[in-house]
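Down below is the structure, laid out as structure tokens.
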Amino acid sequence: MQKQKLLINGERLKEELERFAQFGRTENNGVTRLSLSDEDRAARGYFRKCCEDLGMAVKVDDMGCMYATLAGTENKPPILIGSHLDSVKKGGRFDGVLGVVTGLEVVRTIVDHKIQPKYPITIVNFTNEEGARFEPSLMASGVLAGKFDKAAMLQKKDSEGITFEEALKAIGYEGSEENRLKEATAFLELHIEQGPILEKEGLTIGVVECVVGMACFEIEVTGESDHAGTTPMSMRKDALFATNNLINETRKRLSALDSDLVFTIGRVNVYPSIHTVIPNKVVFTLEARHKDMDIVNSFKDFVQGLPHQGLNEGCEVKVTKLWERDTVWFAPELCASLEQSAQSLGYTHKRMVSGAGHDAQFMASYVPTAMLFVPSINGKSHCEEELTTWEDCEKGVNVVLDTVLKLLNK
């Protein structure tokens, strides 16, 4: 007879997610809990209490990341579970916090069943994942992974002119560099999908193979301003008309490049933006994302060639690369373990990619890492309407628990 699977307490998970939503809850049942704010401090304090009540030791590093550890019977690198507690302004109740509460529920289940873990189990709360108050996003995990310079990050300012370092000290979470995570047996991050794919396909679990590569450019089109009523069409250098030509060509060419390529023109500024004046300058952004870096490189080549397309209506076109990242692939053995857990629990699932960035992408550079998605209803995220069913949350945490138990038996 097959041994019955150990499962979490779904009602307890639901209640905990609702408790965390009280820290910064908005009128429309969303959450505003900006990094290092009073709301963030309150959520951190509650998280610490939950962990200490379980007998876990809590440490804080120099970027404010929190690590709560349940001791193991052997001196091995910990199994790491977590995500972030900060939100965007008027964000949702699940983004980030689900990954942290996953760790709490996994540890509570292990403690409930008096399991003595061979490996230490550590729940992590990464600081400033969202970048909504202090840019860039993924700040703390980026410092841990050596992607960002700590001194530069400490001096980042919010809209009020307060530096990250000042805010960190103000809420009492300036810890020690000695407490930074240095190694782990595995890092598992459960997150809502923030997209519509799982719901559309009627699936419960997404095993994330990678965070896709991307590149982002700023394109500046410069023409000449003249009177809108007196300048013949044949004598104009209209920067907006030239931009329209470039955008049409971009959509046509990139749509034909690969069906999985996603691309966005997210910001467009027109100057001087007066209805009686021909625009003399347009500045817009263009980004694209794909897991295959050859496709991303083809996108980059196309954008770099835009000034030479012959579509500029006599205007000058300048292309500036703002930033880019390579595709980050997660540990194959951990992805396989998550997939096997989902299958053994009888949950519908698929392999997929993440178009959004997560702390896991930086952790993967020095710790075996994998991610799991559960569905977002209507694909909503980063808004008050963000919603994932309690049942799907529970199933996602059960997959993480099952994988953790397999790791403990190695």
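- No more than 12 heavy-atom neighbours from other residues, nucleotides or ligands sit within 6.0 angstrom of NZ on Lys380.
- For the residue pair Ser341 / Lys406, a side-chain donor-acceptor distance below 3.5 Å is found, with atom types taken as modelled.
- Judged by the 6.0 Å distance and 45° axis criteria, Arg44 is positioned over the aromatic ring of Tyr173.
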- Item | Derivation and outcome, side chain to side chain contact (heavy atoms under 4.5 Å, CB included), residues Met352 and Leu198 | CA-CA 9 Å; Met352 61 190 308; Leu198 288 174; 3.9 Å; yes
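- Few gaps surround CD on Gln309; more than 12 heavy atoms of other groups in view lie less than 6.0 Å from it.
- Applying the 6.0 Å contact sphere to CD of Gln304 captures more than 12 heavy atoms from other residues, nucleotides or ligands.
- Within a 6.0 Å sphere centred on CD of Glu333, heavy atoms belonging to other residues, nucleotides or ligands number more than 12.
- When the shell of 6.0 Å around NZ of Lys150 is examined, it contains more than 12 heavy atoms from other residues, nucleotides or ligands.
- Residues Ser141 and Asp359 have side chains that bring a donor and an acceptor to within less than 3.5 angstrom of each other.
- Cation-pi check for Lys281 over Tyr271 is met; the charged atom lies under 6.0 angstrom from the ring centroid and within 45 degrees of its normal.
- Of the possible donor and acceptor atoms, one in the side chain of Thr327 sits under 3.5 Å from a partner among the backbone N and O of Gly213.
- Side-chain atoms of His290 come within 3.5 Å of backbone N or O of Asp292 as a donor-acceptor pair.
- Side-chain contact of Glu385 with Asn378: a donor-acceptor pair under 3.5 Å is absent, judged by distance alone.
- Under the 6.0 Å distance and 45° angle rule, Lys59 does not count as a cation-pi partner of Tyr67.
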